[in-house]
> 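Following this message is one structure expressed as structure tokens.
Position 1 is the first residue of the sequence; numbering continues from there.
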Amino acid sequence: MKASISFPELQNLIAEKAKQQIGLAFVDGKTIRVTYPLNLGFIKKDISANLLIKELTGSDLLLQLDAGLGSDTMLTTVLSLLRDKLPEGLIEKRPESQLLIHLGQIENVKTVFEKVDVTDLHVLNEGLEVEGSLK
């Protein structure tokens, strides 16, 4: 079984839940380009980074951020800016600019993981595709 979500749908979901606009774009089958509008009052700039899908285990998604030399600093900054906008414990910062996202903590996504054994996640030109089988 396969299911997909388009980048615009995912961007809208993130905007609704995290109250933050981001841009998403295809890089390759395991990589998404994320653009985040940084607004510190006197500084307004879009910052971009690649998110590589490393592993999907159960409802936990391991990603690695690649933004060049400043990846870890960028990750720390973005997470601190989003701290009050995301549920506590949803994202864990890991070594080597990695993030562990506990997708099962998102109510709508949790329902999917309760009914589907998700086996893989692919990046498509237009969005994300999840593979799995019904439990």
> Could you grab the distance from atom NE2 of His102 to atom CG of Leu99, nearest 0.5 Å is fine?
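Nearest 0.5 Å value for the NE2-CG distance: 10.5 Å.
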> Measure the spacing between CG of Leu134 and CG of Asp117 and express it to the nearest 0.5 Å.
10.0 Å
> If you count heavy atoms of other groups shown closer than 6.0 angstrom to NZ of Lys115, is the number above 12?
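Result for NZ/Lys115: open.
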> Please confirm whether the backbone N or O of Ser59 pairs with a side-chain atom of Lys110, one donor and one acceptor, at under 3.5 Å?
no
> Nearest 0.5 angstrom please: Ile5 CD1 to Leu10 CG, how far?
5.0 Å
> Do the side chains of Leu62 and Val118 join up, straight or via other hydrophobic residues, at under 4.5 Å, putting them in one cluster?
no
> Does Glu9 use its side chain to pair, donor to acceptor, with the backbone of Ser6 at less than 3.5 Å?
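At least one qualifying donor-acceptor pair exists.
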> Nearest 0.5 Å please: distance from the OG1 atom of Thr35 over to the CD1 atom of Ile47.
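Reported value, rounded in 0.5 Å steps: 9.0 Å.
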> Would you find more than 12 non-hydrogen atoms of other residues, nucleotides or ligands less than 6.0 Å from Glu114 atom CD?
yes
> Which atoms form the tightest heavy-atom contact between Phe26 and Phe7, and what is the distance?
N-CE1, 3.6 Å
> Between Leu52 and Lys54, is a side chain to side chain contact (heavy atoms under 4.5 Å, CB included) present by the stated rule, with each step listed?
CA-CA 6 Å; Leu52 173 66; Lys54 299 293 282 183; 3.6 Å; yes
> Salt bridge or not between Arg94 and Glu96? Use side-chain N to carboxylate O under 4.0 Å.
no
> With a 3.5 Å distance limit and no angle check, can you tell me whether Glu131 reaches the backbone of Met1 through a side-chain donor-acceptor pair?
no
> Write down the atom of Leu103, the atom of Phe113, and the distance for their closest heavy-atom approach.
CB-CE1, 3.8 Å
> Taking all atoms of both residues into account, what is the closest heavy-atom pair of Ala15 and Gln21, and its distance?
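Taking Ala15 first and Gln21 second, the nearest heavy atoms are CB-NE2, 3.3 Å.
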> Are the side chains of Ile106 and Leu90 in contact, using a 4.5 Å heavy-atom criterion?
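In contact.
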> Any non-hydrogen side-chain atom of Leu121 less than 4.5 Å from a side-chain atom of Leu128?
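Of all side-chain heavy-atom pairs linking Leu128 with Leu121, at least one is under 4.5 Å.
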> Measuring from Ser97:OG to Leu51:CG, what's the distance to the nearest 0.5 Å?
10.5 Å
> At their closest point, which heavy atom of Asp120 faces which heavy atom of Lys30, and how far apart are they?
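Here Asp120 and Lys30 meet closest at OD1-NZ, 2.8 Å.
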> Taking the side chain as every heavy atom from C-beta outward, state whether Gln98 and Leu65 have any pair of such atoms under 4.5 Å apart.
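Side-chain contact under 4.5 Å: no.
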> Is it true that the side chains of Asp28 and Thr31 contain a donor and an acceptor less than 3.5 Å apart?
yes
> Would a hydrophobic clustering, with Ile, Leu, Val, Met, Phe, Trp and Tyr connected at side-chain separations under 4.5 Å, put Ile53 with Leu100?
no
> Please give me the minimum heavy-atom distance between Ile22 and Val34, naming the atom from each residue.
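In terms of heavy atoms, the two residues are closest at CD1-CG1, 4.2 Å.
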> Report the distance from atom CD of Glu55 to atom CG of Leu63, rounding to the nearest 0.5 Å.
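Between Glu55 CD and Leu63 CG, I get 11.0 Å after rounding to 0.5 Å.
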